[in-house]
There are 2 protein chains.
Amino acid sequence: MKAVRVGLLGFGVVGGGTVAVLTRNAHEIARRAGRGIEIVKILTRDPGKRRAQAVPEGLITTDAAMILDDPTIEVVVETMGGIEPARSYILAAIAKGKHVVTANKALIATAGNEIFAAARARGVVVAFEAAVAGGIPIIKAIREGLAGNRIRGVAGIINGTCNYILTEMREHGTEFATALAQAQELGYAEADPHFDVDGIDAAHKLTILAAIAFGIPLAFAQVHIEGIRDLESADIAYAAELGYRVKHIGIARRVSDGIELRVHPVLIPHKRLIANVDGVMNAILVSGDAVGSTLFYGPGAGAEPTGSAVVADIIDVVRTLTTDPELRVPHLAFQPDALSDGPILGMADVTTACYLRCEAEDRPGVLADITRILADLGISIEAILQKPPEPGAHTVPVILLTHGVREAQIDEAIARIAALSAVTGKIRRLRVESFA
Amino acid sequence: MKAVRVGLLGFGVVGGGTVAVLTRNAHEIARRAGRGIEIVKILTRDPGKRRAQAVPEGLITTDAAMILDDPTIEVVVETMGGIEPARSYILAAIAKGKHVVTANKALIATAGNEIFAAARARGVVVAFEAAVAGGIPIIKAIREGLAGNRIRGVAGIINGTCNYILTEMREHGTEFATALAQAQELGYAEADPHFDVDGIDAAHKLTILAAIAFGIPLAFAQVHIEGIRDLESADIAYAAELGYRVKHIGIARRVSDGIELRVHPVLIPHKRLIANVDGVMNAILVSGDAVGSTLFYGPGAGAEPTGSAVVADIIDVVRTLTTDPELRVPHLAFQPDALSDGPILGMADVTTACYLRCEAEDRPGVLADITRILADLGISIEAILQKPPEPGAHTVPVILLTHGVREAQIDEAIARIAALSAVTGKIRRLRVESFA
């Protein structure tokens, strides 16, 4: 069979990785796909740039129309990132009847509903495995591999930058700012780390995972987002003393009155497999009513791991070229007329166990006051850790683990504890998930 | 669209789980598949048996022809297990142009080449996700999700019975026979545990994984197989002291001069994620040249986890009903005319690090004799652990970890050490894998 002709939009890290994988493994891929995959044009802003991946000069263009208007190109791969012009290019490709493969999580999370509607109307595929967790085939696992399940929840370490920073903080007692600087030096964090360390990137990915897990439209605006900037290595150390690891997690969970969508740091019992996923690696727990608990682990970023996902998507697209569009895997896993609008819960209605830390004066009665406040609010305590004062300090850290409590309740408790005269400084609060 | 009509061969644990999942999740599955899945006939030897999963009486039959000869049945699901009559029924279904979904690892591993050839000739699909690692969608991950990679190796905990027994032995110092009896009581091991504890079941699964990872024909007869019967809890404890966990692993690895295919107990550094997979759970490491290291974890057996995989396969089959057969994912991941016959290495040519334990008389010079033998054979030592004698014992256990050594070399070393007059009893040997 003739090779499939592919146009590549963007020649940065992921685009380069895709070209590298396609080139090096051309033979292996043809052995699998039964058909070659040929990149015939690459759009880049910077044609003169020196690249690890050398390509024939004729392949490079700075004019998107050379790809979008070429009727011989059947598949367009978008690895530019960002919203525009990626969105317009993808919509243009769809309008021309081309299939699209994209690694763009921000775009899918925020404009996916529009893009998929356009693709449906035109009968083409938009594949996006590379948008979540890099090389881990998690979209495929949830959309296809676990398609017999009613998914109960998805929880993942889906930002490698955060996970690297938290691993450094735990292993070496490094503070956030130092660990971030290290991550930047190693290329694990960008010069502007906002999307990563403030949880936006994880929220993009969680939005996509939740949609395909539950059959809800993409709902990025409804994700509760917290990053890791405010974490102190002391909390990571206290958590360890209590038998927990701190991870930055995206959680989408079906509960009785709706769906939780939240991204924030979490204490996880150290025995859980996911608690032991360190460095820049990603891992996603998927719980289904039939399968039970599964976990998918691998590199969540990087040129070739992401390229691996892009290439798998291209092969998948090739496989469905002759398939009745009605029978293809729906973009968001569920038939578009079967999407539900299960309510997304506000954080006030979310229930989790909590970790609290405050600094209190080292005198009798303070602990009694704090535990009284919790008792009055019906919050039960799982563990208390009171540390001796640091030399020269007048206050001691008090650490509490509560049983499950509604967020609104714990907010009230924090306000009352903060109002105690013996308590100084900010009260630190982290959520706890057992993932049992 | 009309529901797909499915015939079920076998109504045991997996058949029952499949019916349970299809029944309970009928709505969720139709939301995904765009089409209902209806089981219209179930073959069982024992129609009167009381079952967890009640089905209308008219569905049950003891006559396979009611399914195989029914032209309205498009998909046949085989969950009987064993070679015959499963093989004949599947070949008959294929001959009638029906697609097949099977959970039968023994059959695929030993007769898959024949079955897939028949299916190809007739243009039908034979899907077998449920044959390996129960609910974990590992076949899909390797065949499709990582299709852009040249796979370097696959290594997995793929027998839950063995993993349960080894976990008990480590956590409670239980000996093999007691842990096996426990596993049988809990339903984790069968009355005849031969296939599980002697590694046959794991070898069936490894055979399948290796074929789809490397594009080689199914080669069950060439798998080196060892079980866990000879393991003593003492070795598990010594391994722990050295920083390792003992797991029963199936390994398929591409090395410079061929492919390793082996199933046996392995020492793994305790920090590795796969070393922390306990109880009956399964996990498979897949290493690809583009993606790097990935791990897939979940329940490897049980009614509904396996049913989850069967149902996913049925949905997949439905999706490809109109697909050009040439474009479907090849049964063994690679195009049949592109299978390679990379040589499978004999064990003598496999290189691994080794753990050795012997009992030696507690007198000077013995350790010197042992280490001299290793030095003479060019085997370098990574660690030595000599324990004090047990009260009243005249011998002491000597434990050695070697660096990587060819199997033929270590066999020679073991023979020479065993010939020392100061060494008594059997020399225990386990292989060590770092999975770095």
Side-chain angles (χ1 to χ4, degrees), chain A residues 1 17 20-22 24-25 28-34 129 135-137 140-141 144-150 215 273 276-277 288-299 302 304-305 307-312 315-316 318-324 326-330 333-335 338, chain B residues 1 17 20-22 24-25 28-34 129 135-137 140-141 144-150 215 273 276-277 288-299 302 304-305 307-312 315-316 318-324 326-330 333-335 338:
Chain A
M1 247 182 290
V21 173
L22 280 174
R24 188 179 63 240
N25 290 348
E28 194 86 346
I29 291 167
R31 281 179 70 205
R32 291 176 184 266
E129 181 65 76
I136 308 171
K140 182 173 283 283
E144 304 173 37
L146 303 176
N149 289 262
R150 185 171 159 86
L273 220 48
N276 292 282
V277 171
D289 69 338
V291 74
S293 247
T294 58
L295 181 125
F296 302 85
Y297 163 92
E304 292 215 359
S308 165
V310 168
V311 172
I315 297 172
D316 266 6
V318 170
R319 296 211 181 286
T320 61
L321 286 176
T322 63
T323 302
D324 178 353
E326 296 285 305
L327 287 178
R328 288 185 187 137
V329 182
F334 291 77
Q335 300 294 323
Chain B
M1 246 183 288
V21 173
L22 279 174
R24 188 180 63 240
N25 291 348
E28 194 85 347
I29 290 167
R31 281 180 69 204
R32 291 176 185 265
E129 181 66 77
I136 308 171
K140 184 174 281 285
E144 304 172 36
L146 303 177
N149 289 262
R150 183 169 159 90
L273 221 47
N276 292 281
V277 170
D289 69 338
V291 74
S293 246
T294 59
L295 181 125
F296 301 85
Y297 163 92
E304 292 216 0
S308 165
V310 168
V311 172
I315 297 173
D316 266 5
V318 170
R319 295 209 182 286
T320 60
L321 286 177
T322 64
T323 302
D324 177 353
E326 296 284 305
L327 287 178
R328 289 183 187 139
V329 183
F334 291 77
Q335 301 295 322

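Since the structure is predicted, the reported quantities are computational estimates derived from the model, not experimental observations. These values consider heavy atoms only, across backbone and side chains, with no hydrogens, waters or symmetry-generated copies. In what follows, every chain begins at residue 1, and chains take the letters A, B, ... in the order their sequences are listed.
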Please state whether the side chain, the backbone, both or neither of A:Ala30 comes within less than 4.5 Å of a heavy atom of chain B.
-> backbone

For B:Ser308 and A:Ala290, the nearest pair of non-hydrogen atoms, with its separation, is CB-CB, 4.0 Å

Region of B:Val311 that comes under 4.5 Å of a non-hydrogen atom in chain A | side chain

Under the salt bridge (Lys or Arg N to Asp or Glu O under 4.0 Å) rule, collect the residues that match up with A:Glu129, sequence neighbours excluded.
-> none

B:Ser293, B:Gly298, B:Ala141: which one forms the most heavy-atom pairs within less than 4.5 Å of chain A?
-> B:Ser293

Do you know which of B:Asp289, B:Val21, B:Asn276 has the most heavy-atom pairs under 4.5 Å to chain A?
-> B:Asp289

Ranking B:Ile29, B:Asn25, B:Thr294 by heavy-atom pairs under 4.5 Å to chain A gives rank one to B:Asn25

Measure the CG-CG distance between A:Asp324 and B:Leu321 for me, rounded to the nearest 0.5 Å.
-> 10.0 Å

Check whether any side-chain heavy atom of A:Val329 sits under 4.5 Å from a side-chain heavy atom of B:Arg319, and report yes or no.
-> yes

Heaviest contributor of heavy-atom pairs below 4.5 Å to chain A, chosen from B:Glu28, B:Arg32, B:Gln335, is B:Arg32

Chain A contacts, top residue of B:Leu146, B:Val318, B:Leu22, B:Asn149 (heavy-atom pairs, under 4.5 Å) | B:Asn149

Honestly, the part of A:Asp316 sitting under 4.5 Å from a heavy atom of chain B is side chain

Top of A:Pro330, A:Gly292, A:Gly307, A:Gly288 for chain B proximity - count of heavy-atom pairs under 4.5 angstrom = A:Pro330

List the atom of A:Ile315, the atom of B:Gly148, and the distance in Å for their closest heavy-atom pair.
-> CD1-N, 4.3 Å

B:Glu144 versus A:Ala312, closest heavy-atom pair with distance = O-CB, 3.4 Å

Part of B:Leu273 lying under 4.5 Å from any heavy atom of chain A = both

Results of side chain to side chain donor-acceptor pair (under 3.5 Å) for A:Arg328 - residues two or more places apart only | none

Any sub-3.5 Å donor-acceptor pair from A:Glu304's side-chain atoms to B:Val291's backbone N or O?
-> no

